[in-house]
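What you see is a predicted model; the values in this text were computed from it and never measured. Residue indices begin at 1 and follow the sequence shown. FYI, side chains are in, hydrogens and waters are out, and symmetry mates aren't considered; it's all heavy atoms of this structure.
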Amino acid sequence: MADVDEVEVVVAHHERATLRVGDVFLKIDADQTRTDIEVEAMAMAPIPTPEVLWRKPPVLALTALPGTALGRLGEPSPASSAAWAAAGAAARLLHDAPLPPWPGRSLDEIASHLDAECDWLITNGVLPTDLVTHNRRVAGAALRPWTPAFTHGDLQITHVFVDGDAITGVIDWSEAAPGDALFDLATLTLGHEEHLDDVVAGYGTDVDLDVIRAWWSLRSLVGVRWLVEHGFDPSAPGCEVDVLRARM
């Protein structure tokens, strides 16, 4: 640490910030409940995760994972089909593990949040009404009872690290909870539909592809406002708005 020449800002907004200092990540979170969940979920997960070096609220220090992220939203993934399949296999290991002891979001909570965000998008003219209403109908297929699984809760490709064809670890566990396994698979493949078959092959069991596509619409609809309010652009090529347009 003493020989580090620079500090890299990985992400920063009014809720949390992550800095990289050499081979150490420093996560600063305004909500220590999220950090509690992250630490406990990493200890429970049956797949590789960063090592917790120390915790002095509001800072959590973690080791950097070897390898590189599976990809980025809006960009072609440099990872192989085998690496994507390995990500699917890692998700299956997680989903088969014992459930964490804290509750996840209920179906009613998810549906209420979705409706509120759709109303906001239309009322404020953020997206065309037909785009919102069509994707709201598509999203309805995700709003069905499911058997709870140990889910990561934010299994986007920037959180999955690979070295060649192997998974070296998964980061950012603050959203982990009992939930719908297909939500994780949808988050992993959001904006990268071309790798859905690879992920499903690695997952190793039949999945309802219509439900995954429904989660693509739902996650994108509820994510637009948060992204805008935190300085991100959901209209960037290949990102959430393009995901919604692809469902039309």
Side-chain angles (χ1 to χ4, degrees), residues 8-11 16 18-27 37-39 41-53 60-97 149-176 179-205 207 209 212 215-216 219-220 223 232 236-240 242-243:
E8 176 189 356
V9 179
V10 179
V11 64
R16 69 188 79 171
T18 301
L19 310 177
R20 180 166 186 167
V21 185
D23 289 330
V24 176
F25 282 93
L26 302 177
K27 302 188 69 173
I37 288 173
E38 177 155 19
V39 171
M42 288 191 296
M44 295 178 61
I47 58 178
T49 64
E51 177 187 354
V52 176
L53 296 175
L60 174 67
L62 302 168
T63 58
L65 289 172
T68 57
L70 193 59
R72 293 187 179 279
L73 190 60
E75 301 176 9
S77 169
S80 66
S81 293
W84 280 88
R92 179 64 184 274
L93 281 175
L94 178 65
H95 297 159
D96 286 344
F150 185 168
T151 60
H152 178 278
D154 193 18
L155 197 64
Q156 54 184 290
I157 54 176
T158 54
H159 294 163
V160 180
F161 279 68
V162 298
D163 185 3
D165 296 339
I167 299 296
T168 60
V170 178
I171 64 171
D172 284 4
W173 290 81
S174 61
E175 305 297 324
D180 182 8
L182 297 189
F183 175 73
D184 271 355
L185 300 187
T187 302
L188 182 63
T189 54
L190 184 78
H192 286 273
E193 186 170 353
E194 71 277 10
H195 289 293
L196 178 58
D197 288 345
D198 297 326
V199 169
V200 171
Y203 196 70
T205 188
V207 300
L209 298 182
I212 289 180
W215 277 121
W216 287 341
R219 182 179 171 96
S220 297
F232 301 102
C239 295
E240 283 78 5
D242 276 355
V243 170

First locate atom [atom1] of [X], then atom [atom2] of [Y], and finally report the distance between them rounded to the nearest 0.5 Å.
X      : Y      : atom1 : atom2 : value
Phe161 : Leu70  : CZ    : CG    : 10.0 Å
His95  : Leu155 : NE2   : CG    : 7.0 Å
Leu182 : Leu188 : CG    : CG    : 12.5 Å
Leu196 : Leu185 : CG    : CG    : 8.0 Å
Glu240 : Leu190 : CD    : CG    : 6.0 Å
Leu26  : Leu53  : CG    : CG    : 9.0 Å

With a 4.5 Å limit on heavy-atom distance, are the side chains of [X] and [Y] in contact?
X      : Y      : answer
Thr189 : Trp215 : no
Val170 : Leu94  : no
Leu209 : Val200 : yes
Val52  : Met42  : yes
Ile157 : Trp84  : yes

By salt bridge (Lys or Arg N to Asp or Glu O under 4.0 Å) - contacts of [X] (at least two apart):
X      : result
Asp197 : none
Asp165 : none
Asp180 : Arg144
Asp154 : Arg219

With [X] via side-chain contact (heavy atoms from CB on, under 4.5 Å) - residues at least two apart:
X      : value
Glu8   : Val10, Arg20
Ala236 : Asp233, Cys239
Asp172 : Lys27, Glu38, His159
Glu75  : Arg72

### Query
ring pair (Phe, Tyr, Trp, His ring centres under 6.0 Å) with Phe150: which residues, sequence neighbours excluded?
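Result, ring pair (Phe, Tyr, Trp, His ring centres under 6.0 Å) vs Phe150: none returned.
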
Taking every non-hydrogen atom, the tightest pair across [X] and [Y]:
X      : Y      : answer
Thr18  : Phe25  : CG2-CD2, 3.8 Å
Pro50  : Leu65  : N-CD2, 3.9 Å
Ser220 : Val243 : OG-CG1, 3.5 Å
Val24  : Ala61  : CG1-CB, 4.2 Å
Ala83  : Ile167 : O-CD1, 4.0 Å
Ala79  : His195 : O-CE1, 4.5 Å

### Task
Name all residues meeting the side chain to side chain donor-acceptor pair (under 3.5 Å) criterion together with Glu194; count only those two or more places apart in sequence or in a different chain, and write none if there are none.
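Testing Glu194 for side chain to side chain donor-acceptor pair (under 3.5 Å), a comparison that skips the adjacent residues, returns His192.
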
### Query
What pairs with Asp242 under side chain to side chain donor-acceptor pair (under 3.5 Å), at least two apart in sequence or on another chain?
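Listed in chain order: Arg245.
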
### Query
Taking the side chain from Asp184 and the backbone from His152, do they hold a donor-acceptor pair closer than 3.5 Å?
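Between the backbone of His152 and the side chain of Asp184 there is a qualifying donor-acceptor contact (under 3.5 Å).
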
### Task
Would you confirm whether Thr63, through its side chain, and Glu51, through its main-chain N or O, come within 3.5 Å as a donor-acceptor pair?
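Indeed, once roles are kept as given, a pair shorter than 3.5 Å links the two residues.
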
Table please: side-chain donor-acceptor pairs of residues 85-93 below 3.5 Å, with sequence neighbours left out.
| unit_1 | atom_1 | unit_2 | atom_2 | d |
| --- | --- | --- | --- | --- |
| Arg92 | NE | Asp96 | OD1 | 3.4 |
| Arg92 | NE | Asp96 | OD2 | 3.1 |
| Arg92 | NH1 | Tyr203 | O | 3.1 |

### Query
Distance only, no hydrogens: is a donor on one side chain within 3.5 Å (strictly under) of an acceptor on the other, for Trp173 and Thr49?
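No pair is found: no donor N or O on one side chain lies under 3.5 Å from an acceptor on the other.
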
